[in-house]
*Asks:* 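Sharing a structure, written as structure tokens. Questions coming.
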There are 2 protein chains.
Amino acid sequence: MEMDERKTKILQAIIRNYLETGEPVGSRTISKDTDLNLSSATIRNEMADLEEMGYIIQPHTSAGRIPSDKGYRFYVDTLMEAKEREVADMKDMLLERQDKLEDMLKTVVKYLAKDTQYATMITAPTTHLNKLKFIQLSRVDANHLLAVVVIEGNMIRNRMIDVTEEIDDETMLKLNMLLNTQLNGLAIEQINLSMVAKLKQQAGIHSGVIGDVIDEVIETLSEDKDLEVYTSGTNNIFKYPELADNENASRLISAFEEKEILGDIIQPGDGSEETGIQVYIGGENKNSGMQDCSVVTATYDLGDGMKGTIGIVGPRRMDYDKVVGTLKSIKTKLDDLYRKE
Amino acid sequence: MEMDERKTKILQAIIRNYLETGEPVGSRTISKDTDLNLSSATIRNEMADLEEMGYIIQPHTSAGRIPSDKGYRFYVDTLMEAKEREVADMKDMLLERQDKLEDMLKTVVKYLAKDTQYATMITAPTTHLNKLKFIQLSRVDANHLLAVVVIEGNMIRNRMIDVTEEIDDETMLKLNMLLNTQLNGLAIEQINLSMVAKLKQQAGIHSGVIGDVIDEVIETLSEDKDLEVYTSGTNNIFKYPELADNENASRLISAFEEKEILGDIIQPGDGSEETGIQVYIGGENKNSGMQDCSVVTATYDLGDGMKGTIGIVGPRRMDYDKVVGTLKSIKTKLDDLYRKE
DNA sequence: TGTTAGCACTCCTTAACATTGAGTGCTAAC
DNA sequence: GTTAGCACTCAATGTTAAGGAGTGCTAACA
């Protein structure tokens, strides 16, 4: 048996209706809702076919049908009409300050949660490909140095370094010079052990303390800010009874708190490249706690290799059109953000 | 009618039992559980008295009794035996790094959630009383300056500043000098508008750009890091049926996400000064969403005016002994942390 | 051959009702 | 003052019946 136009139309009507009401939909409803002018009996025959083909499911013998994962998948891949939606302007969210990326991400994720009424999360952009722009070591007091590093995209990292013996001005100057000439322009990823060894060697006699300082500077660089994840609207899961039972809710809340969801979910190279948007429906999720959820992710790219991911988590009967549309718009705005400048 | 020793013993037994089981406790149970050697009938008479006095409540006529807020209050104030408990060492959590206070707070709050099985939150220490230790302005590229400020307690703040016209080396040097001599040693709180005006005046001719830069530096200082709140174990609320119904859970989760709970709850100067520990039982909470919760807070003090608050949120029938004990221990460890050095 | 009306059947949902049992309050005796 | 005894209350649980939405199947129809 195979899909024809009529079956497609009926399947679409079932899904549309179910997304709206959350109730299993019966043959009579479809008979009235579509422009096919078919009796409920005919619809019933078609529905039996669709069930046999695996697109819809009957919760129990005397109930209507609900879409299966395969049905949703068909809908998302071929029937959905995701329209770009008007969304708030990222520029406004940036508050004109480049270094407070963190604040913008929080604002975005909050905005998305409010707009979609689902739970949302966003990862900070990766920076391991970014190049060093500026390194500075300053003496704060007798036994504390402050290391500040700026990388491409104007992200700042810093660290207070304890030193056991005071370092004189001349050495500080030399050290700063050394760090800048050797490391500037390199991507964080490129810095390896042999480079560090070379650096230490060049730093010369004071190897004891200076070696430690260099180690700490390097560590500051490779600090994993990439994994930073912000979430919002977790309480939205209570709006959907199928997710709101205690066990499920507890699992989800916990997953959001641990912030490990996105890492678990995203499987690079699964066709999301073209649009940057990817949909995972119910059982398609690897994460066992999320088999009853659908997740839509978008990869944004601020340029210079700074990519991050936005995730929206809702029930299977998520409003895919709206969510995908919104994410597309947000993604576009984020992508344009740095590029235009 | 007034409390006598026997009533006290019975009340204590009722509360202890209820805290353990979560079920209303009947007269027969108390008759067997206590060493009073009284029949259930006698206990019933006493219970009727205790109810009249407002310490216990009968959910319905044929049920046992549960403690009222007043009962819990009596228990917490006079019957409880909070024993200091062995807790993880903060030193280990600090990972030997002074500037990563944030990481320590996250670790503490996570540890507490795991240890107590309640939802926990912690506020970062206030810093508005702290003194400036170090200010540095550096040129990152032609139109970006980097401002870095270190305050007492070695907390670091920074900001990237856009400048429209390039600032020459000499001016930078002068500006750094000026900022350090004028502001070092001052508490953040002390810096006011007239000081800023004076600063700008002293900075001289370049007033346009320089003025903006100074404004941004000042803003960096007063950035409200104080309000930073970390939470953990929110999913623990599902362990307590009285909190886990949808409406309640949603409200609580949302309150935790907004992180406004502690601010709402803490009422300074309500007797928590002696021990730094404060207990809010059920209806005693101002926040309307938390009328079914109990909250225990502890104020920690890292010295230099850096105070913060820890909060533990659970059901009314929280294990007060354990929670208060744990908080006392944690508080002591935190208080000692910086002081000893 | 596809479509449809009709009908028996399934099974979830809801309400009504009876049963059980924990726990109480009261009374009278100790 | 304490206690045994007893009638009473009421949430919880189980049972049964009625109602209804929706199906699958059959037979008639265009």
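Since we're looking at a predicted model, the values are computed, not measured. Below, read A as the first sequence line, B as the second, and so on, with proteins coming before strands; counting in each chain starts at 1.
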*Asks:* For B/T231, give me all partners under side-chain contact (heavy atoms from CB on, under 4.5 Å), at least two apart in sequence or on another chain.
*Replies:*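 Once residues adjacent in sequence are excluded, the partners of B/T231 under the side-chain contact (heavy atoms from CB on, under 4.5 Å) criterion are B/M121, B/V229, B/F256, B/K259.
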*Asks:* Does one side chain, of B/R28 or B/S40, offer a donor that lies under 3.5 Å from an acceptor on the other?
*Replies:*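 Their side chains do not contain a donor-acceptor pair, so the 3.5 Å distance test is not met.
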*Asks:* What distance separates B/M53 CE from B/L11 CG, expressed to the nearest 0.5 Å?
*Replies:*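 Between B/M53 CE and B/L11 CG, I get 9.0 Å after rounding to 0.5 Å.
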*Asks:* Using a strict threshold of under 4.0 Å (side-chain N to carboxylate O), is an ion pair present between A/D115 and A/R85?
*Replies:*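 Yes, A/R85 and A/D115 are salt-bridged.
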*Asks:* Using modelled atom types only, decide if a donor and an acceptor are shared between the side chain of A/E23 and the backbone of A/Y18 within a distance under 3.5 Å.
*Replies:*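 Not confirmed, A/E23 side chain does not pair with A/Y18 backbone.
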*Asks:* Under the rule for ring pair (Phe, Tyr, Trp, His ring centres under 6.0 Å), what residues qualify as partners of B/Y230, not counting sequence neighbours?
*Replies:*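 B/Y230 satisfies ring pair (Phe, Tyr, Trp, His ring centres under 6.0 Å) with no other residue.
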*Asks:* Given atom CD of B/E46 and atom C1' of C/dG23, what is their separation to the nearest angstrom?
*Replies:*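 Atom CD in B/E46 sits about 18 Å away from atom C1' in C/dG23.
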*Asks:* Listed by chain and number, what are the side-chain contact (heavy atoms from CB on, under 4.5 Å) partners of A/K114, not counting sequence neighbours?
*Replies:*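 For A/K114 there are no side-chain contact (heavy atoms from CB on, under 4.5 Å) partners, ignoring immediate neighbours.
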*Asks:* Once side-chain hydrogen bond (donor to acceptor under 3.5 Å, both in side chains) is applied, do any residues pair with B/D69, and if so which ones, sequence neighbours excluded?
*Replies:*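 Testing B/D69 for side-chain hydrogen bond (donor to acceptor under 3.5 Å, both in side chains), a comparison that skips the adjacent residues, returns B/R316.
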*Asks:* Assess whether a salt bridge exists between B/R73 and B/E284, defined as any Lys/Arg side-chain N lying under 4.0 Å from an Asp/Glu carboxylate O.
*Replies:*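 Judged by the 4.0 Å cut-off on N to carboxylate O distance, B/R73 and B/E284 do form a salt bridge.
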*Asks:* For DNA chain C, which residues in residues 28-45 of chain A have a heavy atom at a distance below 4.0 Å?
*Replies:*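 Output list: A/N37, A/L38, A/S39, A/A41, A/T42, A/R44, A/N45.
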*Asks:* Write out the stems for DNA chain C, ordered by first number and formatted as range with range, counting runs of at least 3 consecutive Watson-Crick or G-U wobble pairs under 3.5 Å.
*Replies:*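 DNA chain C forms these stems: C:1-30 with D:1-30.
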*Asks:* Return the set of residues passing side-chain contact (heavy atoms from CB on, under 4.5 Å) with B/S39 (not counting sequence neighbours), or none when no residue passes.
*Replies:*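 Once residues adjacent in sequence are excluded, the partners of B/S39 under the side-chain contact (heavy atoms from CB on, under 4.5 Å) criterion are B/A41, B/T42.
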*Asks:* First and last nucleotide of DNA chain D touching chain B, 5' to 3', heavy-atom cut-off 4.0 Å?
*Replies:*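 Span of nucleotides near chain B: D/dT2 to D/dA11.
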*Asks:* Name all residues meeting the side-chain contact (heavy atoms from CB on, under 4.5 Å) criterion together with B/E258; count only those two or more places apart in sequence or in a different chain, and write none if there are none.
*Replies:*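 B/E258: side-chain contact (heavy atoms from CB on, under 4.5 Å) contacts with A/K110, B/S254, B/E260.
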*Asks:* Within the distance-only criterion (no hydrogens, no angle test), does the side chain of B/Q291 pair as donor or acceptor with the backbone N or O of B/N285 below 3.5 angstrom?
*Replies:*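 Between the backbone of B/N285 and the side chain of B/Q291 there is a qualifying donor-acceptor contact (under 3.5 Å).
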*Asks:* Can you list, in residue-number order, the parts of residues 15-24 of chain A that come under 4.0 Å of DNA chain D, counting heavy atoms only?
*Replies:*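 Residues of residues 15-24 of chain A that come under 4.0 Å of DNA chain D do not exist, since none gets that close.
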*Asks:* To the nearest 0.5 Å, what is the distance between CG on B/D49 and CD on B/E52?
*Replies:*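 Reported to 0.5 Å precision, the distance equals 6.5 Å.
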*Asks:* Will you find, in the side chains of B/T234 and A/E257, an N or O donor that is under 3.5 Å from an N or O acceptor?
*Replies:*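 Short answer, yes.
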*Asks:* Strictly under 3.5 Å: I want the nitrogen or oxygen pairs between protein and nucleotides 13-18 of chain C, one per line.
*Replies:*
none

*Asks:* With sequence neighbours excluded, what pairs up with B/R317 under the side-chain hydrogen bond (donor to acceptor under 3.5 Å, both in side chains) test?
*Replies:*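 side-chain hydrogen bond (donor to acceptor under 3.5 Å, both in side chains) list for B/R317, sorted by chain: B/E242.
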